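Below is one structure; the comments refer to it alone.
Order of the sequence lines sets the chain letters (A, B, ...), proteins ahead of strands, with each chain counted from 1. Since the structure is predicted, the reported quantities are computational estimates derived from the model, not experimental observations.
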There are 2 protein chains.
Amino acid sequence: MSVPLHYVVKTRLVEVVEGLGEGAALPPERVLAKEFGVSRWTMRQAIRELIADGRLRARQGQGTFVATPKLVQPLALVSYTEALRAQGHTPAREVVEFDELPADAVLADRLGIAEGEPVHRLERVLFADGQPIGLETTYLAVERFPTLKAVLDPTGSLYRCLTDQLGVRFGEGEELVETVIATPREAELLKATQSLPMLLLHRTSRDTAGRPIEAVRSLYRGDRVGFRATLRP
Amino acid sequence: MSVPLHYVVKTRLVEVVEGLGEGAALPPERVLAKEFGVSRWTMRQAIRELIADGRLRARQGQGTFVATPKLVQPLALVSYTEALRAQGHTPAREVVEFDELPADAVLADRLGIAEGEPVHRLERVLFADGQPIGLETTYLAVERFPTLKAVLDPTGSLYRCLTDQLGVRFGEGEELVETVIATPREAELLKATQSLPMLLLHRTSRDTAGRPIEAVRSLYRGDRVGFRATLRP
DNA sequence: AAGTGGTCTAGACCACTCC
DNA sequence: GAGTGGTCTAGACCACTTG
């Protein structure tokens, strides 16, 4: 049993998936389990991994389907809207929260303000072609952007608002990338299955003078999105 | 049951973990399950997620332990050895394969050669402080680097060999980042538990003239490593 | 109402580590 | 041999979608 049974099932299931077209429905789990001669748990483990790998997609009450290839987003200080449009996809946003709260120690440090100072919080679900792919939470110091709430259309581009209306000039930024498991709340907002691996990005943007502009926490569905970075020597 | 039981268990287990120090052992799964009043499956699901999140670490036959914080590696064209040393960690490598094989269509395209042309393959496990954290497979065209096999110490820095001995000058490169589930072989080489989310990086490096130097596939343990990128406007 | 995926249980056996 | 995590089974019920 050096190779787990569910992995053997996974490799055999991959062949089935490759024989089907994008969006095609798989047989129900219970049927597949019987066909492969394994328990439903083993079958689900194989399916679960193919979902995490972005090869399959499950919808409760409907079935399991062959997924479309992952999107590749640029890892750069560009507008989400423009990046998606450039690849021929349709972007959209949905505002979850747009409020103010006092900065905790970590956030205050990233924004270069004192702990407890008020910050704007803008939390939005990002869509591509109608599918939720990411949950983006942006924090900006109220002191630095006192008019933000009045000026910004929260369904529009924050990047564009900052540069065009508020005269911000973006300099270098820093981004941290890691994998995490989404919380139930995050999974629900992203309409993703529970316990799915996600890509968590933490960005700190600075202006040309090196002053912090924003702190961003972006959680992207690991089964739907990848990122591209340009490396310089 | 809108919030799964295993998630409730997870959040309560986090409190337990935070009350322990790094490296401390948790009670056995069967004991924890009884204490929390859930089945072992539910308990394992909670533990499994905390392992993926990098909070816990399981060793078969030994127990489950509180993990150390994730390493943060730079997403840049620098030597793995130097990057780790700069953070005060001890790097090491172990050669798995160092051979030649004909390029398939995808690899040939990335390296700018014809399909079927021979390429060097160097596959190594990367260690930090004695722990395996990544599996790196590098492909280079034999035609371009015919002396590589004779010149390179496969346990040393490939980056250094290319720049110092073979006169290569690195220009811009491109890196793709995504999450995947490791195969049993990869999990075993990385001494990781099965079905653990990993960070998969695909790099194509070019010289200052824009010619491809290497194609690299790096698989990093998602529970042990994160990456940092510098963003430019 | 029927059928789908999602969660959970109780119990079994395997594989590994340490005594 | 004892104790640990790892895999697997059979079966149950829940939650959601569609007819």
Side-chain angles (χ1 to χ4, degrees), chain A residues 1-13 24-52 55-67 181-185 187-188 190-196 223, chain B residues 1-13 24-52 55-67 181-185 187-188 190-196 223:
Chain A
M1 200 201 293
S2 72
V3 173
L5 182 55
H6 64 77
Y7 184 75
V8 177
V9 172
K10 180 182 179 185
T11 55
R12 286 171 59 194
L13 189 55
L26 258 68
E29 294 175 352
R30 292 162 176 85
V31 173
L32 284 172
K34 184 155 280 185
E35 281 181 7
F36 283 96
V38 298
S39 71
R40 194 178 158 210
W41 183 91
T42 304
M43 197 68 234
R44 275 182 66 77
Q45 183 66 27
I47 292 173
R48 174 202 192 89
E49 293 197 11
L50 286 177
I51 289 172
R55 310 281 308 251
L56 291 178
R57 184 160 180 184
R59 282 194 287 259
Q60 186 169 165
Q62 293 183 44
T64 307
F65 306 87
V66 180
I181 304 296
T183 65
R185 173 180 179 270
E188 190 176 357
L190 293 173
K191 292 181 174 46
T193 61
Q194 298 276 1
S195 307
L196 189 75
D223 61 334
Chain B
M1 199 201 293
S2 73
V3 172
L5 181 55
H6 64 77
Y7 184 75
V8 177
V9 172
K10 179 183 179 182
T11 55
R12 286 172 59 195
L13 189 55
L26 258 69
E29 292 175 352
R30 291 161 176 86
V31 173
L32 283 173
K34 185 155 278 186
E35 280 181 6
F36 282 97
V38 299
S39 71
R40 194 177 158 211
W41 183 91
T42 304
M43 198 67 232
R44 275 182 66 77
Q45 184 64 27
I47 292 173
R48 175 201 193 89
E49 293 196 10
L50 287 177
I51 288 173
R55 310 282 305 254
L56 291 179
R57 179 157 184 189
R59 282 194 286 261
Q60 186 168 164
Q62 294 183 43
T64 308
F65 306 87
V66 180
I181 305 296
T183 65
R185 173 180 180 269
E188 190 177 356
L190 294 173
K191 292 182 175 43
T193 62
Q194 298 277 0
S195 308
L196 188 76
D223 61 335

Side chain to side chain donor-acceptor pair (under 3.5 Å) against A:Arg48, all qualifying residues, sequence neighbours excluded
none
Taken in chain and number order and not counting sequence neighbours, the residues that satisfy salt bridge (charged side-chain N to carboxylate O under 4.0 Å, His left out) with A:Arg185 are A:Glu123
Residue closer to the 5' end of DNA chain C, B:Tyr7 versus A:Arg59 (nearest nucleotide):
A:Arg59
Let me know the distance between NZ of A:Lys10 and C1' of D:dC8, rounded to the nearest Å.
18 Å
What is the distance, rounded to the nearest whole Å, between atom CD of A:Glu188 and atom P of C:dG6?
14 Å
Which residues pass the side chain to side chain donor-acceptor pair (under 3.5 Å) test with A:Gln60, not counting sequence neighbours?
none
Closest heavy-atom pair and its distance - A:Leu50, A:Lys10:
CD2-CE, 3.8 Å
In whole angstrom, give the distance that lies between atom CD of A:Glu49 and atom C1' of D:dG6.
13 Å
Can you sort out the partners of A:Thr183 under side chain to side chain donor-acceptor pair (under 3.5 Å), two or more places apart, ordered by chain and number?
A:Glu186
Can you measure from CD (A:Glu49) to CG (B:Leu196) and round to the nearest 0.5 angstrom?
10.5 Å
Which donor-acceptor pairs under 3.5 Å do the side chains of residues 25-38 of chain A make with protein atoms, sequence neighbours left out?
residue	atom	partner	partner atom	Å
A:Glu29	OE1	A:Arg40	NE	3.0
A:Glu29	OE1	A:Arg40	NH2	2.9
A:Glu29	OE1	A:Arg44	NH1	3.2
A:Glu29	OE2	A:Arg44	NH1	2.6

Sorted by chain and residue number, the salt bridge (charged side-chain N to carboxylate O under 4.0 Å, His left out) partners of A:Arg55 (sequence neighbours excluded) come out as A:Glu18
Which atom pairs link the protein and nucleotides 16-19 of chain C when you take only N or O atoms and keep those under 3.5 Å?
residue	atom	partner	partner atom	Å
C:dC16	O4'	B:Gln60	OE1	3.3

Whole angstrom is fine here: how far is it from CD1 in B:Ile47 over to C1' in D:dT4?
12 Å
Would you jot down, in residue-number order, the residues of residues 29-46 of chain A having a non-hydrogen atom under 4.0 Å from DNA chain D?
A:Arg30, A:Val38, A:Ser39, A:Arg40, A:Trp41, A:Thr42
When you check the phosphate oxygens OP1 and OP2 of C:dG5, does a side-chain N or O of A:Thr64 lie under 4.0 Å from one of them?
yes
For A:Phe65 and C:dT4, what is the distance between atoms CZ and P respectively, to the nearest whole Å?
11 Å
For atom NE2 of B:His6 and atom P of C:dT9, their distance in whole Å
11 Å
Test side chain to side chain contact (heavy atoms under 4.5 Å, CB included) applied to B:Ala58 - qualifying residues, sequence neighbours left out
B:Ile51, B:Thr64
Whole-Å distance, B:Ile51 CD1 to D:dG5 P, equals 10 Å
